[in-house]
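Whatever order the structure lists ligands and atoms in, that order sets their numbers, starting from 1. Residue numbers run from 1 in the order of the sequence given.
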Amino acid sequence: MVRAGRFALLTILLFAVFESGQTSAPGDPSDPPPANQPAVAHVFDVRAAVDTYLAKMPPGQRARSDAYFEGGYWLLLWDFLSTVIVMWLLLRFRWSARMRNLAERLTRLRPLQTVLYWIQFIVVVSVVTFPLSIYEGYFRERKYGLLNQTFGSWMRDQMVMLIVSVVLGAILMVPLFGLVRRLGKSWWVCGATLTIVFAAFVTLIAPVYIAPLFNKYTRLQDPRIKDPILSLARANGIPASDVYEFDASRQSNRVSANVSGFAGTLRISLNDNLLKRCTLPEIETTMGHEMGHYVLNHGYKGLVMNGVLVVIGFAFLSWSINSSLVRWGEKWDVRGITDVAVLPLAVIAFSLYFFLMTPVTNTISRTLEYEADMYGLNTAQQPDGEANVDMLLGEYRKLDPGPFEEFIFFDHPSGRTRITAAMRWKAEHPQSESAEEVARPIFDAK
Ligand SMILES: [Zn+2]
């Protein structure tokens, strides 16, 4: 059926060439097609083309990917509930108050007390929630074939992550509690601002100072890949002179890339999975997408949009902490909002807020991702390569969800949405078709 459709398309293409009386080859770029030639675009069946791509994944693998992704919906709930339970236990049995008391005994300096409390807090919480983390991050990922690490190597990454959290958390907590103490009731306005600035700071330093703790970054040498990427970057006004490769295969087979930082920290990176598993058109369309994030200032736009959520979240935080402490403050031995022992309560309020905001944060992200897809299609002009990469991402993201499901749970567009956009683009640019990409099997038949 689909093959017949493609054959029909070819016939009509040929007809169009003959009818318009052109003598040159149809692919000659110096020869623009006549304006009255929309017939080709209308014949291309976008929906059928999308279904052909979706059918590239064997049914068994599709079922596994769906099960993996849908399991993630439940993990959102379990993560939220387990956080609330652990935080409640810390308050109810006054463990939080005890950690504060210990910090106060060790030093009289308040900023240092905050740091000492924070270290105890993050270590205790990591230990108590470890069974869930290990299931979620190790056993579940292994079960679905999405993790390449041994347990030891995975644990090493967890420990590094813990140390990074201790340091970054302390950098945020000390001034945050300082603000609460100094500003009284209106602390949450400045608290939200500080948190947004902190988020911007972390986003800025992460690619250069945090990412290399987990993966090795090296300059990409192969000119067959590097040159087209740098050409694409120049064309899009991105001042990069190097492309970096990182060994993501250490952790998984997932393909990814990014353009991060600005000025001195600007870098284009792509992972070894993308290099190993993808063709040049697929790499180009992926880099076009990442360049779109950069050129369209998605980092800043995301920060502003999520910043609005953070401000509202802090208002909710302030209100909920004050009203809870009136009722249970004495029972929990939490002296007030200026007391570091209040942290578990703050975590409960923030987790509840962001749990309920999941569809909003996902929609902010998904909208920007869709924009980057459009940018990538326009700049790389590889709709078939794009569709193949979208299929590869379908290894861990459900390919064909319902619209409501996509709205709530998807932080990137689904495979069907992305491939539909690519095929729609291709319908308007029939000359962009790549027969090799269309025919390329991207999954082993299992
Ligand atoms: Zn993206």
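The two residues P401 and E406 make their nearest non-hydrogen contact at CG-OE1, 3.7 Å.
With respect to the Zn ion (ligand 1), E369 has OE1 as its nearest N, O or S atom.
Taking backbone and side chain together, H293 holds an N, O or S atom under 2.8 Å from the Zn ion (ligand 1). With 2.8 Å as the limit, H289 counts as an N, O or S neighbour of the Zn ion (ligand 1).
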Take F314 and W187, measure what ring-ring contact (aromatic ring centres under 6.0 Å, His included) needs, and give me the verdict at the end. CA-CA 9 Å; F314 266 78; W187 73 274; 5.7 Å; yes
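A salt bridge links D242 with R219; the closest basic N to acidic carboxylate O contact falls under 4.0 Å.
In this structure, N215 contributes its side chain and D247 its backbone to a donor-acceptor pair below 3.5 Å.
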